[in-house]
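A short worksheet on the structure shown next.
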Amino acid sequence: MIKNRLIRLLEHAIAALQASGDLPSDSTLRPGIERARDAQHGDFASSIALSFAKAAKCPPRQLAERIIQQLPGDPLVVKVEVAGPGFINFFLAPDAHTAVVRTIHEEGPLFGRSRIGAGQKVQIEFVSANPTGPLHVGHGRGAVYGSVVASLLQACGFEVHREYYVNDAGRQMDILATSVWLRYLEECGDVLPFPSNGYRGEYIRTIAWDLHHTAGDRYRRPATDVLQGLPSDEPDGGDKELYIDAMIDRAKSLLGNDYRLVFDAGLTSILQDIRDDLDEFGVTYEEWFSERRLADSGAVEDALGVLREAGLLYQQHGATWFASTRFGDEKDRVVVRENGQITYFASDIAYHWHKLQRGYDQIINVWGADHHGYVPRVKGAIQGLGGDASRLHVLLVQFAVLYRGDEKVQMSTRSGEFITLRQLRGEVGRDAARFFYVMRRSDQHMDFDLKLATSKSNENPVYYVQYAHARICSVFRQLDEKGWARNLRQGMDHLKRLGESHEAAVLSSLSRYPEVVESAALSYEPHQLVQYLRQLASDFHTYYNACPFLIDDHELRDARLNLIDAVRQVIANGLDLLGLSAPEAM
RNA sequence: GCGCUUGUAGCUCAGCCGGAUAGAGCAUCGGCCUUCUAAGCCGAGGGUCGCAGGUUCGAGUCCUGCCAGGCGCGCCA
């Protein structure tokens with residue numbers, strides 16, 4: 001990267017000034033350099049003289065002059081000047097601008113990838129929705145965001161392990177199993193009241209129907225036994241939580257060993273649906289990590305044992321507490337309830353302990369933003385377990401609010417009426433859905449306009465980038481139809497003829513790509529890549545309208561074809577990282 | 001009430017480690033298809049960067065207060 005090359009030149013100059021005593025040697029400022037916004041300011045600009053001026057006790061412009069005097073020569077740099085209050089502007093040689101075309105051609109799909117993360121292992125957990133129902137649109141954003149962050153890190157050389165934590169243990173799953181069983185009994189012909197706290201979705205009936213279809217009446221129990229002696233449910237003035245818990249116990253006692261089979265029927269059906277759904281959405285994992293298997297391995301007891309030995313657990317009111325306030329949490333948290341059951345948090349402690357033992361350099365959790373209050377206790381748990389909490393990065397994803405034009409699409413999980421991710425994909429398509437989910441910063445609220453995402457018009461930003469790719473492919477088809485062929489070598493030999501301002505803009509954008517991938521990856525911000533691709537596409541469309549490519553001057557023609565082929569390659573590489581297709585025709 | 005977070009053009013949003021004249025898309029208005037795909041391009045209008053202080057060579061960016069929105073404050077998951 002030319003940027004790093006310039007930084008090294010500056011570092012050299014700073015070191016020289018420090019050696020001669022013109023700069024204090026204890027200053028640790030790294031030379032900052034950025035792309036000039038205005039072409040009049042050259043290609044790159046550094047404000048280092050401005051930030052160093054005070055420490056050097058020297059006016060900024062004068063300091064800038066001294067730094068320039070100490071800069072080593074570089075064939076790619078044709079001019080360096082002081083401008084404004086003390087900026088150092090770098091002007092690059094024409095060869096430095098066009099070299100990227102050659103590089104892109106040589107590296108092809110690998111262009112933009114780097115090795116900065118080489119040797120580092122990253123675990124990233126995302127989505128991890130409870131397998132109690134199909135994924136809805138709220139899960140979609142985290143799914144795309146997590147998968148793109150993973151791709152970006154991988155492109156930077158990190159060894160990435162994608163993981164879905166399957167909450168296949170715990171009370172919610174018991175509620176699911178019981179809901180399936182009650183619907184199953186209805187299939188058997190028994191009319192029973194359905195718990196107000198049960199899962200009412202239509203998919204439960206489907207699972208129950210399948211179960212009845214394959215197992216007949218095997219799991220049927222007399223209705224009187226099912227209902228006898230239960231507390232009253234909420235509509236009858238009772239407590240819905242107590243009622244559902246009693247119903248769960250009833251299911252377990254009446255079904256005995258069969259309970260597990262009903263439970264697994266619900267679990268495997270829903271989990272398979274989720275896997276298929278994500279797969280079709282371009283979201284894949286190295287591992288589906290089972291909470292139940294973790295619990296069965298005794299990991300919870302082990303992890304709590306570690307905390308106990310560290311003196312971080314105590315008993316109060318019959319429950320076991322973790323002293324998370326010692327690590328900055330607002331209050332201590334229960335890990336084992338009075339009734340002896342472990343909490344979700346205890347299970348999560350065990351899971352994170354397991355992650356720690358696997359030796360990752362970074363542990364990334366993608367969570368819905370409503371879980372932000374949960375972060376301190378998990379970080380506390382990691383510290384309590386003797387781990388390094390700075391290795392845990394919790395990336396919060398805000399919910400997307402759905403609109404259809406100006407109309408807000410109401411979402412209600414309670415009633416079981418929500419738009420599923422599958423419905424969204426069906427309505428707007430995979431590419432548009434993915435694009436919309438990552439086009440904005442994920443830690444901020446976003447409005448997702450279904451009408452806009454569905455439109456196949458110029459209103460839809462998805463097609464803008466893809467269209468640039470298709471247009472370039474079309475140019476090469478036209479080249480064929482004219483009976484011409486691109487002379488790659490000749491084009492590379494005449495890159496210097498790319499002197500139009502539009503060509504300069506395209507070249508500049510192309511050379512930024514590796515910087516963007518690196519920045520987007522290290523800051524976990526896929527939207528940077530989206531913004532970049534829109535800019536590159538814009539540069540190309542402008543160029544396309546201003547300059548013809550298929551011209552008689554074959555030297556210039558080949559140079560231009562090489563340039564737009566480089567654009568095509570970079571757009572394809574970028575779309576690939578986003579999990580989007582790069583159509584050759586639209 | 002406490003904690004976290006957001007406030008940038010009519011709307012949706014970018015804005016890099018604090019840098020030079022705050023940007024894009026949509027919407028509005030006006031142009032460009034006998035020539036490589038008009039899902040495109042060119043141009044115009046549109047801003048007290050929520051408000052008030054502070055930090056400094058320099059603040060949309062950092063700090064404090066206030067106003068407004070969102071989220072979180074279970075022996076739920």
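In what follows, chains are A, B, ... by sequence order, proteins preceding strands, each numbered from 1. What you see below is based on every heavy atom in this structure, not just the backbone, and it leaves out hydrogens, waters and symmetry mates.
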OP1 or OP2 of [N] under 4.0 Å from side-chain N/O of [X]:
{"X": "A:Arg333", "N": "B:G74", "value": "no"}
{"X": "A:Arg37", "N": "B:G15", "value": "no"}
{"X": "A:His541", "N": "B:C42", "value": "no"}
{"X": "A:Ser51", "N": "B:G19", "value": "no"}
{"X": "A:Gln444", "N": "B:A14", "value": "yes"}
{"X": "A:Lys331", "N": "B:C75", "value": "yes"}

Discussion item. Are there over 12 heavy-atom neighbours, none belonging to A:Glu81, within less than 6.0 Å of that residue's CD?
Written reply: yes
Have a look at [X] and say if it touches a base, only the backbone sugar-phosphate, or nothing, with a 4.0 Å heavy-atom cut-off.
{"X": "A:Tyr374", "answer": "base"}
{"X": "A:Ala546", "answer": "nothing"}
{"X": "A:His527", "answer": "sugar-phosphate"}
{"X": "A:Ala53", "answer": "nothing"}
{"X": "A:Ala36", "answer": "nothing"}
{"X": "A:Ala369", "answer": "sugar-phosphate"}
{"X": "A:Met446", "answer": "sugar-phosphate"}
{"X": "A:Asn167", "answer": "nothing"}

Rounded interatomic separation in angstrom, taking [atom1] from [X] and [atom2] from [N]:
{"X": "A:Tyr544", "N": "B:C42", "atom1": "OH", "atom2": "P", "result": "14 Å"}
{"X": "A:Phe540", "N": "B:C36", "atom1": "CZ", "atom2": "C1'", "result": "9 Å"}
{"X": "A:Leu242", "N": "B:G74", "atom1": "CG", "atom2": "P", "result": "19 Å"}
{"X": "A:Arg441", "N": "B:C13", "atom1": "CZ", "atom2": "P", "result": "13 Å"}

Determine the interatomic distance between [atom1] on [N] and the same-named atom on [M]; round to the nearest Å.
{"N": "B:C4", "M": "B:C66", "atom1": "P", "value": "13 Å"}
{"N": "B:C2", "M": "B:U21", "atom1": "C1'", "value": "44 Å"}
{"N": "B:A59", "M": "B:C63", "atom1": "C1'", "value": "11 Å"}
{"N": "B:A22", "M": "B:C49", "atom1": "P", "value": "10 Å"}
{"N": "B:G58", "M": "B:G15", "atom1": "P", "value": "26 Å"}
{"N": "B:G19", "M": "B:A38", "atom1": "C1'", "value": "40 Å"}
{"N": "B:G10", "M": "B:C17", "atom1": "C1'", "value": "34 Å"}
{"N": "B:G18", "M": "B:U61", "atom1": "P", "value": "11 Å"}

Worksheet item: Checking only heavy atoms, does the side chain of A:Asn89 share a donor-acceptor pair with the base of B:A20 at less than 3.5 Å?
Response: yes
Discussion item. When you measure only distances, ignoring hydrogens and angles, does the side chain of A:His371 come within 3.5 Å of the base of B:G72 through a donor and an acceptor?
Written reply: no
Taking a pair as Watson-Crick or G-U wobble with both distances under 3.5 Å, which nucleotide is matched to [N]?
{"N": "B:C4", "result": "B:G70"}
{"N": "B:U64", "result": "B:A52"}
{"N": "B:C16", "result": "none"}
{"N": "B:A38", "result": "none"}

Worksheet item: So, A:Asp565 and A:Arg486, do they make that salt bridge, N to O below 4.0 Å?
Response: yes
Worksheet entry | Donor-acceptor contact below 3.5 Å, side chain A:Ser324 vs main chain A:Gly380 | no
Item to complete: Using modelled atom types only, decide if a donor and an acceptor are shared between the side chain of A:Asn562 and the backbone of A:Leu488 within a distance under 3.5 Å.
Response: yes
Practice prompt. Report yes or no: do A:Ser519 and A:Gln528 form a side-chain donor-acceptor pair below 3.5 Å?
Written response: yes
Item to complete: Could you verify whether a donor N or O on one side chain and an acceptor N or O on the other, from A:Glu163 and A:Tyr351, lie under 3.5 Å apart?
Response: yes
Worksheet item: A:Tyr464 stacking on B:A39: centroids under 5.5 Å, ring planes under 30°?
Response: no
Worksheet item: Can you check B:C17 for me, syn or anti if syn means within 90° of 0?
Response: syn
Worksheet item: In terms of ring plane angle, is the pair A:Phe448 and A:Tyr437 parallel, tilted or perpendicular, where the classes change at 30° and 60°?
Response: perpendicular
Worksheet item: What's the closest nucleotide to the A:Val334 side chain, out of B:C36, B:A77, B:C75?
Response: B:C75
